[in-house]
Asker: 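Let me give you the structure first, and then I'll get to my questions.
Computed from heavy atoms alone, side chains included, the values below leave out hydrogens, waters and symmetry copies.
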Amino acid sequence: MIRRVPDLPNVDSVDYGIRGMHLAYDLLDGCDALVLVDAIPSRGAPGSLHVFEADHESLAAASGLDAHAMDPGAVFASLNALGGTPPHTVIIGCEVDSVEEGIGLSDAVTVVVPEAVQAVQSVVAALSARSPAEG
């Protein structure tokens with residue numbers, strides 16, 4: 001479901017879940033920037049938050065085309081295969097505590113949710129302040 005963000009008429013909020021191919025198709029319509037928020041593999045510090053710009057070439061090259069995958073590499077590989085160009089992309093990722101099946105967030109991840117929300121707000125504000133030519 002696409003939702004307009006109040007007070008930011010040019011910003012949409014979408015939960016793609018595991019529908020990576022849907023994201024790739026939506027990106028074909030074009031946008032100035034993309035912010036992905038997701039869990040990332042743990043490097044030994046569950047709950048650590050990382051904010052970084054995506055390297056589209058490395059991500060797409062490291063992943064094959066997979067219509068059912070949601071990882072950024074698969075999304076960008078799919079987008080490239082469809083003839084699209086990825087927008088400037090910022091990833092906000094939180095190191096996971098566990099990859100076991102279950103419902104809900106671990107305590108380590110739950111604690112940083114407010115910090116992640118603030119990171120999203122800061123990134124969106126910075127991207128909104130850029131001129132389209134800065135893309």
Asker: To the closest 0.5 Å, what do you measure between CG (L34) and CG (L79)?
Answerer: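 Answer for the CG-CG pair, L34 versus L79, is 10.0 Å.
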
Asker: In this structure, are over 12 heavy atoms from other groups packed under 6.0 Å from D29 atom CG?
Answerer: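 Result for CG/D29: enclosed.
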
Asker: Before you tell me yes or no, could you show the steps for H22 and V14 under side-chain contact (heavy atoms from CB on, under 4.5 Å), namely the whole-Å CA-CA distance, both residues' side-chain angles and the distance that decides it to 0.1 Å?
Answerer: CA-CA 11 Å; H22 290 251; V14 183; over 6 Å; no

Asker: Any side-chain heavy atom of V112 sitting closer than 4.5 Å to one from S48?
Answerer: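 A side-chain contact under 4.5 Å is absent here.
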
Asker: Assigning hydrophobic clusters by single linkage (Ile, Leu, Val, Met, Phe, Trp, Tyr; side-chain heavy-atom cutoff under 4.5 Å), is V51 placed with V35?
Answerer: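 Yes, same cluster.
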
Asker: What pair of heavy atoms forms the shortest contact from S78 to A24, and how long is it?
Answerer: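 That would be CB-CB, 3.9 Å.
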
Asker: For a 4.5 angstrom cut-off between non-hydrogen side-chain atoms, does L23 reach L36?
Answerer: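 With C-beta onward as the side chain, the pair touches.
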
Asker: For Y16 and D26, run side-chain contact (heavy atoms from CB on, under 4.5 Å): C-alpha distance rounded to whole Å, both residues' side-chain angles, the deciding distance at 0.1 Å, then the answer.
Answerer: CA-CA 11 Å; Y16 284 94; D26 283 352; 2.5 Å; yes

Asker: Closest heavy-atom contact between G84 and N80?
Answerer: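 Heavy atoms only, the tightest pair is O-OD1, 3.5 Å.
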
Asker: Of all heavy-atom pairs between V11 and S128, which one has the smallest distance, and what is that distance?
Answerer: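 Heavy atoms only, the tightest pair is CG2-OG, 4.0 Å.
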
Asker: Looking at L127 and A33, what are the two nearest heavy atoms and their distance?
Answerer: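 Residues L127 and A33, closest heavy atoms: CD1-CB, 3.9 Å.
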
Asker: Flag yes if more than 12 heavy atoms outside F52 fall under 6.0 Å of its CZ atom; otherwise flag no.
Answerer: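 Above 12, so yes.
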
Asker: Using distance only, find each side-chain donor-acceptor pair of residues 91-99 under 3.5 Å and give its atom names and separation, not counting sequence neighbours.
Answerer:
residue	atom	partner	partner atom	Å
E95	OE1	S42	OG	3.4
E95	OE1	R43	N	2.7
E95	OE1	A45	N	3.2
E95	OE2	H50	NE2	2.7
S98	OG	E100	N	3.1

Asker: Measuring from atom OG1 of T85 to atom CZ of F76, what distance do you get when rounded to the nearest 0.5 angstrom?
Answerer: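 Output value for this atom pair is 11.5 Å.
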
Asker: Which residues, ordered by chain and number, are linked to V113 in its hydrophobic cluster, where ILVMFWY side chains connect at heavy-atom gaps below 4.5 Å, directly or through other members?
Answerer: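 Taking Ile, Leu, Val, Met, Phe, Trp and Tyr as members, V113 shares its hydrophobic cluster with L105, V109, V117.
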
